[in-house]
Amino acid sequence: MNKTKAVIDQTEKYGAHNYHPLPIVISKAEGVWVEDPEGNRYLDMLSAYSALNQGHCHPRIIQALKDQADKVTLTSRAFYNDQLGVFYEKLAQLTGKEMILPMNTGAEAVETALKAVRRWAYDVKKVPENQAEIIVCEGNFHGRTITVTSFSSDQSYKRGFGPFTPGFKIIPYGDIEALRKAITPNTAAFMLEPIQGEAGIIIPPEGFLKQAYELCKANNVLLVCDEIQTGFGRTGKLFASDWEEVKPDMYIMGKALGGGVFPISAVAADREVLGVFDPGSHGSTFGGNPLGCAVAVAALDVLIDEKLVDRSRELGAYFMEKLKEIRNPLIKEIRGRGLFIGLELHTAARPYCEQLKEQGLLCKETHETTIRFAPPLVISKEELDWAIERIKQVLHTTEPANA
Ligand SMILES: Cc1ncc(COP(=O)(O)O)c(CNc2cccc(C(=O)O)c2)c1O
């Protein structure tokens, strides 16, 4: 039996089945390339859902991990460590915010944001206790905790997990009039993904984010942008909210913040908001650990020094142009920003992802009919051309739709 099958059998035998992976085992990876136990190479067009913007095992980030691992990895927040302040300063400068609160996973950062905006509503906006409302959008994906699942519009994420956390309103994504109507004197915040990832790379109408920002400002409502999947160059700007030159009251960050090497997430906001936390009101065992901070500092340095944001914008425009040359009546829409592209079909996308895997290209369907293309931002034009050639082999057809 080959190693791949043995690994899959072992994984399936003992693991809970909360995922449906493509039948490929990755045992080595570097840059945009991954390798299975038999030595077959694939080009990674998923980047662990945009956690690998800097590419697999980036040498500078791995070195930072190794160097810090030989010093100290965990102190708890009962004491200071010499990496956290460096991380804070770098991320505060990058976001233009006064304060940072470090966590580990995206969902933890989202939960932190929800607690911050609620407490801000009570302490600063003087909303009556337990009456704070948070507005979110249909199609949202902000993580898998019970509270975050509470405001999902996707029933498959919710079945059997009730009772749910109250205090959330759902509006259609991109609908400024719906937002206007949803705001009340008790509204603490409007939280959204500037481009929805799991919903299938959904871009709101031009100007929506700017209008939402202005509406929030006019009503003393905090605008919270979840940039966990869209941040750090993925969409061709440092943050997706930069496409509309909007500086949200709060950024939620994760994934590529750790360079695909170590889980680290964070919330950034000004003192008026993050200042609501007093000692003992929030925390995390691993939050702000020196190993994660050292890795994140290196990951941010790589992003800036290698100009990955510009690369994403330039190569993403090229990629989009090439994808739009593909002729196939089954293609419904090709959309995206930077190297964050969704190719929506009129039919299930999974079989095409499986065919692409056979061609040496790894991608994953989202919401049944959309193929997401999100390679590491370090991809070269030659590697992109290699991918485009194979995507065309699988998708381009001269056959009419009803053939
Ligand atoms: C916009 C956004 N916000 C929050 C999260 C949650 O982050 P964590 O997963 O680190 O808790 C995400 C995560 N995004 C995401 C995308 C696809 C699959 C999965 C998965 O849970 O396997 C997660 C995300 O895309």
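Values below: every heavy atom of this structure, side chains too, minus hydrogens, waters and symmetry copies. All residue numbers in this chain count up from 1 along the given sequence. Note that ligands are numbered from 1 as they come in the structure, with each ligand's atoms numbered from 1 the same way.
- At a threshold of 4.0 Å, the pair D385-K381 counts as salt-bridged, since one of the basic side-chain nitrogens sits closer than that to a carboxylate oxygen.
- Using a 4.0 Å cut-off between a side-chain N of Lys or Arg and a carboxylate O of Asp or Glu, D9 and K5 qualify as a salt bridge.
- A salt bridge between E325 and K322 is present, with a side-chain N of the basic residue lying under 4.0 Å from a carboxylate O of the acidic one.
- Annotation: ligand 1 has protein neighbours Y19, Y49, T105, G106, A107, F141, H142, G143, E193, E198, D226, I228, Q229, K255, each with a heavy atom less than 4.0 angstrom from the ligand.
- Residues meeting the salt bridge (Lys or Arg N to Asp or Glu O under 4.0 Å) test with R180, sequence neighbours left out: E177.
- Side-chain contact between C363 and R372 is absent, with no heavy-atom pair separated by less than 4.5 Å.
- Of the charged side-chain nitrogens involved, at least one lies within less than 4.0 Å of a carboxylate oxygen, so that R313 and D310 count as a salt-bridged pair.
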